[in-house]
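See below for the structure under consideration.
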Protein chains: 2
Amino acid sequence: MELRKDIHTNGIPVLCVSCEVRHRGVCGALDPDQLIALAKASHKHTIKEGEELIGDAEQIDVYSNVLAGVVKLTKTLSDGRQQIVGLQFAPDFLGRPFRKESSINAEAATEVSLCSFPKATMDRMMQEQPGLENRLLQQALIELDDARDWMVTLGRKTAAEKVASFLLLIARNIDPEREANGRSIAFDLPLTRADIADFLGLTIETVSRQLTRLRADNVIRIENNRHVTVENIDRLRGRAGN
Amino acid sequence: MELRKDIHTNGIPVLCVSCEVRHRGVCGALDPDQLIALAKASHKHTIKEGEELIGDAEQIDVYSNVLAGVVKLTKTLSDGRQQIVGLQFAPDFLGRPFRKESSINAEAATEVSLCSFPKATMDRMMQEQPGLENRLLQQALIELDDARDWMVTLGRKTAAEKVASFLLLIARNIDPEREANGRSIAFDLPLTRADIADFLGLTIETVSRQLTRLRADNVIRIENNRHVTVENIDRLRGRAGN
DNA sequence: GGTTGGCGTTGACCTGGATCAAGCTGTTCG
DNA sequence: CGAACAGCTTGATCCAGGTCAACGCCAACC
């Protein structure tokens, strides 16, 4: 990995200079020397939709930062029933410190761009740089809050409320196109109907029907199955039942 | 807080000497000086069943360690639907670092014994003792794993599987009486039927019926509504559908 | 061009769990 | 003692969402 030392980059590795998530992600906790060391061992790469990143009960030897795209975390029962237990967006950190093997699957829901580095390197840095552990703790606590919010959705909301909640979640996490009036927001769904069903604990058919209903009631518009325009965010919120 | 300095306690505050969770809980990360400082600001106390520990959207100014009993973490929708999003047993840490106010309710499910200390004291120690943050990160990651496991239960399991999974969860976390043959385990349910329903995303009636079915099928015995004997752990596991 | 296969929608029907209602058991309290 | 109440169980009925099946759309491929 080369290293430019001019004023602008200020000792920041080229790999990282243009990195969009550098400040928001875990790397933001590193000082320049550490960033250089980590960048040396890192590589950016792109994963195609549907490819598996981490297998259940597999050794984890790399951590990654999500630079772009959406990663779905899934769990599967022995008879094949599946549940998506989390979605990771940029600049989330992907990996499970303190454990040798993963208890979940991670799969690219869309095309995903990652910056990966060896677990060992990161683990060593965690010990010498407490700020890193602090960042990880913050992210873990946010993910825990999210997971618990979602437990309410899974356990207590109706199918209609689940689908509305899902759309709001995506709108919040995907960088959306906003219309001039500020009321209308548009985005591409990063998941197929089957994925949405697995996320919501529903079937494909129920998801489809609920989307149709939202469309029929002019709360959203859908083009090409994936592109959603929320006509009225407040009406959508009203249907999410919080 | 007094301080005995004989060989056995080795500079450990009296409050902590007999503490059953000292090594397993977050305090295990502190050196003797820090433990003394924290103990000075700490106090042990007991909370009766049903009492609220942390209110939703309330300021959190104390953290606590659970010494005994079970704390339920709940979330409630505006129309009153409730979901239990976590159960805390000894020696779990109770609190939410990095946030001023809580987004969940914490309530004593049974009589609960706590060791509480001011948030500010702990937050200061976190900065000077990285091991503390490490402990918290470890607990947060375990809670995250648990939450995600439970999402599968909520989203994809049947009522029968949910109830069996719940019994296994309790058997795993409550110190159970074990019978000689090693097959039979007994414990008291720390939750009412209503709480169990809120934990499983079911109604009281469904929980009751599923328990009745497990009893009719000789998988469990129930005395006084609360005392459960698992006749055959493997049969119970078989019904949890993993 | 036709075929195949993935993905989504829609309709008809069924069922697991919710809802509504009654009653049982044990405890507290006047 | 009886009344009131909390917690739990059980039965009858209902309905939201699952299941099964048909079909539409579109892209890839021969």
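Here is how names work: the chains are called A, B, and so on, in the same order as the sequence lines, proteins then strands, and each is numbered from 1.
- Counting to the nearest Å, the P atom of D/dA27 and the CG atom of A/N225 are 11 Å from each other.
- The salt bridge (Lys or Arg N to Asp or Glu O under 4.0 Å) check on B/R135 picks up nothing, with sequence neighbours excluded.
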What does nucleotides 17-23 of chain C look like as a protein-contact string, B for base, S for sugar-phosphate only, - for none, at under 4.0 angstrom between heavy atoms? SSBB---

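- Atom CG in B/L214 sits roughly 13 Å away from atom P in D/dT10 (whole-Å rounding).
- B/Y63 meets the ring-ring contact (aromatic ring centres under 6.0 Å, His included) test with B/F93; sequence neighbours excluded.
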N/O donor to acceptor pairs below 3.5 angstrom from side-chain atoms of residues 161-170 of chain A, sequence neighbours left out:
residue : atom : partner : partner atom : Å
A/E161  : OE1  : A/T158  : N            : 3.0
A/E161  : OE1  : A/T158  : OG1          : 3.4
A/E161  : OE1  : B/R81   : NH1          : 2.8
A/E161  : OE1  : B/R81   : NH2          : 3.3
A/E161  : OE2  : B/R81   : NH2          : 2.9
A/K162  : NZ   : A/L200  : O            : 3.0
A/S165  : OG   : A/K157  : NZ           : 3.0
A/S165  : OG   : A/E161  : O            : 2.7
A/S165  : OG   : A/A240  : O            : 3.4

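- Taking A/R99 as the reference, B/D145 meet the salt bridge (Lys or Arg N to Asp or Glu O under 4.0 Å) condition, with sequence neighbours excluded.
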Please table the atom pairs, donor to acceptor, closer than 3.5 Å between any side-chain atom in residues 45-54 of chain B and protein atoms at least two apart or in another chain.
residue : atom : partner : partner atom : Å
B/H45   : NE2  : B/S116  : OG           : 2.7
B/E51   : OE2  : B/K48   : N            : 3.4
B/E52   : OE2  : B/N105  : ND2          : 2.7

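- Rounded to an integer number of Å, the gap from CG of A/L211 to P of C/dT10 is 10 Å.
- Under the side chain to side chain contact (heavy atoms under 4.5 Å, CB included) criterion, B/A194 pairs with B/T192, B/I204, not counting sequence neighbours.
- Nucleotide D/dA6 holds its P atom 12 Å from the CD1 atom of B/I204, rounded to whole Å.
- The NE2 atom of A/H227 sits 16 Å away from the P atom of C/dG8 (whole-angstrom rounding).
- Atom CZ in A/R81 sits about 13 Å away from atom C1' in D/dG18, given to the nearest Å.
- With distances taken from any side-chain atom of A/R215 to the nucleotides C/dT10, D/dC8, C/dG8, the minimum falls on C/dT10.
- Checking side-chain atoms of A/N65 against main-chain N and O of A/L67 turns up no donor-acceptor pair under 3.5 Å.
- Listed in residue order, the members of residues 186-198 of chain A having a heavy atom less than 4.0 Å from DNA chain D come to none.
- Note on A/D198 versus B/R156: salt bridge recorded, some NZ/NE/NH1/NH2 to OD/OE distance being below 4.0 Å.
- Residue pairs meeting the ring pair (Phe, Tyr, Trp, His ring centres under 6.0 Å) criterion with at least one partner in residues 138-165 of chain A, sequence neighbours excluded, are A/W150-A/F199.
- If you measure from atom CZ of A/R226 to atom P of C/dG8, you get 6 Å, rounded to the nearest angstrom.
- Going from atom CD1 of B/I222 over to atom C1' of D/dG7 covers 13 Å, rounded to whole Å.
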